[in-house]
Structures are given as C-alpha cells and as structure tokens.
There are 2 protein chains.
Amino acid sequence: MKKQTMHEFMNITKALADATRVRTLLSLRDGELCVCQITELFGLAPSTVSKHLSILFQAGLVESRKEGRWIYYQLPGKTAPPVIREALDWVIRVNATAPDAIEDSERLSLILKENPADLCKRQCQK
Amino acid sequence: MKKQTMHEFMNITKALADATRVRTLLSLRDGELCVCQITELFGLAPSTVSKHLSILFQAGLVESRKEGRWIYYQLPGKTAPPVIREALDWVIRVNATAPDAIEDSERLSLILKENPADLCKRQCQK
DNA sequence: CTCTCATATCGTTATTTGGCGAAATGAAGA
DNA sequence: TCTTCATTTCGCCAAATAACGATATGAGAG
C-alpha cells in the first residue's frame with residue numbers, strides 16, 4: 001500500500017467536486033469513450049471537455065489510450081491504487097440510480113450507435 | 001436505502017474538496033470538538049471555521065450538539081446514510097498516515113489538555 | 001433584565017475555477 | 001510533403017469560493 005499524502009488525496013476530491021467530471025466517470029462505467037463522444041454527450045466545447053479529462057487524469061481517476069487519431073479514456077484497471085478504486089466504486093454505486101445519470105446513460109446509448117468519425121467531424125467543426 | 005440525487009452527492013464531494021474541511025473530519029475521528037478548539041487547531045478566524053462546519057453539516061458529514069455556551073461537532077453516528085459512512089471511512093482510512101494529519105493530531109492532543117474555557121476566551125478576543 | 005461570550009451571518013476582497021474561442025500540437029491520410 | 005483533423009494549450013471572462021473583520025444572534029451568567 002502506497003503512502004498517501006493529503007495533497008494527492010485533495011487532487012482526487014477536487015476532481016470529484018464537479019458534476020461534469022462525476023458524470024464523465026459514470027459514463028465510462030461500461031467502457032472507454034473518445035473525447036468527441038463525451039463532448040457530444042455533454043454539449044460542451046471540446047476544449048472544456050479536454051480540460052476536465054486532464055483533471056481526472058492527473059488525479060488518477062481515468063486512463064487514456066491512443067488509437068489512430070482518437071484518444072480513448074477509460075476507468076483505471078486493477079493496477080490502480082486502492083484509494084482510486086474505492087473512490088470510483090463509491091461514486092458509481094451511489095449514483096447508479098440518480099436521474100441525471102440515467103438520462104446521460106440513455107443519451108449515451110444513442111451516441112454509441114452513431115459512427116464515431118461522423119461524430120468527431122461534427123464536434124470539431126463547431 | 002434512500003434514493004440519492006446527484007445534487008446531494010455533489011454537496012458531499014464539494015464539502016470534501018477543501019483541505020481544511022478534510023482535516024476537520026480527521027480531527028473529529030477520536031471524538032467531538034467545539035468550534036473554538038477547531039479554530040485553535042487550524043489558526044483560522046472563528047467565522048471561517050464556522051463557515052466550514054456549516055458546509056460539512058449541510059452535506060451531512062458532521063452533526064452538532066449544544067452544551068452550555070459551546071457547540072460541539074462530531075462525526076455522524078449509525079443513523080447516517082451509507083453514502084456518508086462510506087465517504088467518511090474512505091477519507092479517514094486513506095489519510096490515517098498522511099503527514100499533515102499526524103501533525104494535526106499531535107497539535108490537537110496539546111489543545112485537548114487545555115481548559116476549553118480559556119481556549120474559547122483566547123479565540124473569541126482575536 | 002442586562003451583560004457576556006460562543007457561534008453564526010453578512011459584506012468585502014483575493015483567488016480559484018469552469019466556460020469558450022483561437023491558436024498550437026502532432027499524428028494519419030493524400 | 002502538405003493537408004486534414006482530433007485533441008490540447010492558451011488567453012480571456014464570468015461565476016464560485018475561501019478568507020477576514022464587523023455585526024447579529026441568542027443562550028447562560030450576574
């Protein structure tokens with residue numbers, strides 16, 4: 001078990017203190033998403049979503065993977081430290097039945113039916 | 001299990017997104033403290049500490065009890081909803097060995113040796 | 001009742017943070 | 001090579017927040 005400073009811990013709690021970032025984590029529950037899919041889901045500017053993802057990444061709450069031109073974000077695997085796994089389990093379990101989360105989930109399932117390439121083009125032209 | 005909105009959940013994460021408030025929760029680990037003891041511990045203005053406690057209270061992360069002129073704050077008991085207990089367990093377990101928390105703990109043990117009445121007088125005259 | 005005193009509320013100020021659009025980056029395609 | 005395009009970084013603005021001191025509150029003490 002890694003020794004944890006309070007400063008690192010505060011990076012996690014600050015990352016969790018924004019609704020868009022919490023909704024992002026919940027949306028990654030069922031698998032990875034690329035930036036433009038998340039952008040479409042929340043209706044925010046790509047730069048804004050990128051900033052949120054960077055904050056989640058620095059806190060250790062998401063990992064990223066590059067494939068072609070896209071960058072996919074996902075929840076961390078089993079290598080993640082316990083503090084991270086516990087936080088994610090808590091966030092996901094508590095909000096599993098929250099109306100906002102269910103709405104996001106429904107919109108996400110529509111987005112996943114679209115061709116990612118079309119989605120990205122639409123997002124990046126805004 | 002109570003139905004949980006994301007808004008209520010964000011009250012909790014926002015309350016946890018400040019180092020002073022996290023340190024306050026850790027300091028209450030071993031029992032209740034009155035406002036002036038917490039004020040002394042952190043070297044902040046009484047009004048600032050009061051505000052922090054109010055934010056923790058509204059999130060459900062602390063309870064309060066009035067005795068004479070003092071108001072004692074403590075961690076919630078078994079009646080607290082699971083989301084709160086899980087959050088507190090996580091916060092306390094992860095930071096148990098954090099240097100900042102240990103420092104606070106040492107300073108707190110000195111404060112607990114003092115007469116509370118003297119402490120309050122000193123704080124409130126600042 | 002009046003005074004004291006612990007705490008809470010209010011008003012202000014400085015800092016932080018979330019949002020956007022424009023420009024930079026950097027890898028894949030032509 | 002030159003272009004395209006997904007993402008990131010930068011600069012700016014508006015809103016939120018933490019800090020303080022001053023004032024308000026309200027429950028004991030005298």
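Sequence lines set the chain letters: A, B, ... in the order given, protein chains first and strands last, and positions in each chain run from 1.
Counting to the nearest Å, the C1' atom of dT7(C) and the CZ atom of F57(B) are 14 Å from each other. Distance, E40(B) CD to dT7(C) P: 13 Å, rounded to whole Å.
For the salt bridge (Lys or Arg N to Asp or Glu O under 4.0 Å) condition, the pairs that include at least one residue of residues 58-87 of chain B, sequence neighbours left out, are R93(A)-E86(B), E32(B)-R65(B), R65(B)-E67(B), R85(B)-D89(B). Residue pairs meeting the side-chain hydrogen bond (donor to acceptor under 3.5 Å, both in side chains) criterion with at least one member in residues 97-110 of chain B, sequence neighbours excluded: R23(B)-D104(B), D104(B)-R107(B).
For R21(B) (side chain) and K14(B) (main-chain N/O), a donor-acceptor pair under 3.5 Å exists by modelled atom type. Within the 3.5 Å criterion, the main-chain N or O of T20(B) finds a donor-acceptor partner in the side chain of T24(B).
Near DNA chain D, meaning a heavy atom under 4.0 Å away, the residues from residues 62-73 of chain A are R69(A), W70(A), I71(A), Y73(A).
In terms of position along DNA chain C, the nucleotide closest to L53(B) lies nearer the 5' end than the nucleotide closest to the other residue of the pair L53(B) and V49(A).
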Stepwise side chain to side chain contact (heavy atoms under 4.5 Å, CB included) test for L25(B) and I92(B): CA-CA 8 Å; L25(B) 294 175; I92(B) 291 171; 5.6 Å; no
Would you check, one step at a time, whether the test side chain to side chain contact (heavy atoms under 4.5 Å, CB included) holds for L16(B) with L61(B)? CA-CA 9 Å; L16(B) 295 177; L61(B) 290 164; 3.8 Å; yes
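Applying the side chain to side chain donor-acceptor pair (under 3.5 Å) test to T5(B) and every residue at least two apart in sequence or in another chain returns E8(B).
Comparing the end axes of the helix from dT4(C)-dA27(D) to dA30(C)-dT1(D), each fitted to five base pairs by superposing C1' atoms of four pairs onto the next four, gives an inter-axis angle of 30° (nearest 10 degrees).
Other residues, nucleotides and ligands contribute more than 12 heavy atoms inside 6.0 Å of the OH atom of Y72(B). Atom CZ of F42(A) has more than 12 neighbouring heavy atoms from other residues, nucleotides or ligands inside a 6.0 Å radius.
Follow the hydrophobic side-chain contacts under 4.5 Å out from L28(A) and you reach L112(A) in the same cluster.
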Please tabulate the protein-to-nucleotide N/O contacts below 3.5 Å involving nucleotides 14-19 of chain C, giving atom names and distances.
| from | atom 1 | to | atom 2 | distance (Å) |
| --- | --- | --- | --- | --- |
| dG18(C) | OP1 | R21(A) | NH1 | 3.1 |
| dG18(C) | OP1 | R21(A) | NH2 | 2.7 |
| dG19(C) | OP2 | H52(A) | NE2 | 2.3 |

